[in-house]
Amino acid sequence: MTVTREQMDRIIDAHFGFEARDDVAGVLGTLSERVEHDVVGNPAGPVTGREAAEGFYHRLFADLSDGEFASQRRYYGEGFVVDESIWSGVASGNPFGLQGRGRPLSFRILHIFELADNGEITRENVWLDLAAIQAQLSH
């Protein structure tokens, strides 16, 4: 049995909804126990497991707030989704080592999700438009 496109959309949309509400427990609930969580460029590198991913989300939600994802397009395959979105919100902390000072922030973000047959996310690979983030927060 494989996850359908509609099921993938529900899972990904729920994941993004939890992120928009800074709901760490909700986000972690969409991930498998042994998830591979890889935010490209993160000094910690890829981590394995919900517990290891939890620290990333606590830091992320301290640095970025009032976020929302506007999905631009999605590509589907057997057991995976590629989502290209625009993230918009507030740089409330020090995202990616830059002082946010409560300024608005918007950037492109690419997620590659792999999903198990039960609908849990087994891998989340994230690519950020760091150049756009730096351009908005470096002055």
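Computed over heavy atoms, backbone and side chain alike; hydrogens, waters and symmetry mates excluded. Values in this document were obtained by computation on a predicted structure and should not be read as measured data.
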Looking only at the side chains, is there a donor atom on one of H111 and E84 sitting less than 3.5 Å from an acceptor on the other? no
Does any part of the side chain of E120, heavy atoms only, come nearer than 4.5 Å to the side chain of T30, both counted from C-beta? no
Between CD on residue Q134 and CG on residue L130, distance to nearest 0.5 Å: 4.0 Å
Is the shortest side-chain N to carboxylate O distance from R74 to D13 below 4.0 Å? yes
Under 4.5 Å between side-chain heavy atoms, counting indirect links through other Ile/Leu/Val/Met/Phe/Trp/Tyr residues: same cluster for F113 and Y75 or not? no
Is there a donor-acceptor pair closer than 3.5 Å between any side-chain N or O of R50 and the backbone N or O of L31? yes
Path from L60 to W127 over hydrophobic side-chain contacts below 4.5 Å: no
Using the rule that two of Ile, Leu, Val, Met, Phe, Trp, Tyr join whenever any of their side-chain heavy atoms come within less than 4.5 Å, decide whether V39 and I109 are in one cluster. yes
Looking only at non-hydrogen atoms, find the nearest pair between S92 and S65 and report the distance. OG-OG, 3.3 Å
Starting at CD1 of I133, measure out to CG of L98 and round the result to the nearest 0.5 Å. 8.0 Å
Here the gap from E51 atom CD to E54 atom CD, rounded to the nearest 0.5 Å, amounts to 7.0 Å
To the nearest 0.5 Å, atom CD1 of I12 lies from atom CG of L115 at 5.0 Å
Backbone N/O of L128 and side chain of R108: donor-acceptor pair under 3.5 Å: no
Hydrophobic cluster membership, with links at side-chain heavy-atom distances under 4.5 Å among I/L/V/M/F/W/Y: are V40 and F80 in one? yes
Can you give me the closest heavy-atom contact between A132 and F107, atom names plus distance? CB-CB, 4.4 Å
Spacing of N118 atom CG and Q7 atom CD [to the nearest 0.5 Å]: 10.5 Å
Within 6.0 angstrom of Q72 CD, more than 12 heavy atoms from elsewhere: yes
What I want to find out is whether E68 reaches R21 closely enough, with some N-O distance under 4.0 Å, to be called a salt bridge. no
Step by step, would you call L137 with R103 a side chain to side chain contact (heavy atoms under 4.5 Å, CB included)? CA-CA 8 Å; L137 299 181; R103 292 179 283 183; 3.9 Å; yes
Do F18 and V24 have side-chain heavy atoms sitting under 4.5 Å apart? no
Which pair of heavy atoms, one from S71 and one from S85, lies closest together, and at what distance? CA-OG, 3.4 Å
Scan side-chain atoms only and decide if Y76 and D9 contain a donor-acceptor pair under the 3.5 Å cut-off. yes
Counting C-beta onward and ignoring hydrogens, is there a side-chain heavy-atom pair between L105 and L64 closer than 4.5 Å? yes
In terms of hydrophobic clustering (I, L, V, M, F, W, Y; side-chain heavy atoms under 4.5 Å; direct or indirect links), are F61 and F16 co-clustered? yes
Parallel under 30°, tilted from 30 to 60°, perpendicular over 60°: which one fits the rings of F56 and H37? tilted
Taking all non-hydrogen atoms of both residues into account, name the closest pair between S106 and I86 and its distance. OG-CG2, 3.4 Å
Exercise: identify the closest heavy-atom pair between E124 and V35: N-CG2, 4.4 Å
Considering only heavy atoms from C-beta outward, does the side chain of L110 approach that of D83 to under 4.5 Å? no
Any donor-acceptor pair under 3.5 Å linking the side chain of T122 with the backbone of E114? yes
Is it the case that N125 and D38 place a side-chain donor and acceptor less than 3.5 Å from each other? yes
I need the minimum non-hydrogen distance between G119 and V3, along with the two atoms involved. N-CG2, 4.1 Å
Rounded at 0.5 Å granularity, tell me how far CZ in R101 sits from CG in N94. 9.5 Å
Y57 and E19: side chain to side chain contact (heavy atoms under 4.5 Å, CB included), yes or no, with the steps? CA-CA 8 Å; Y57 284 105; E19 286 191 358; 3.2 Å; yes
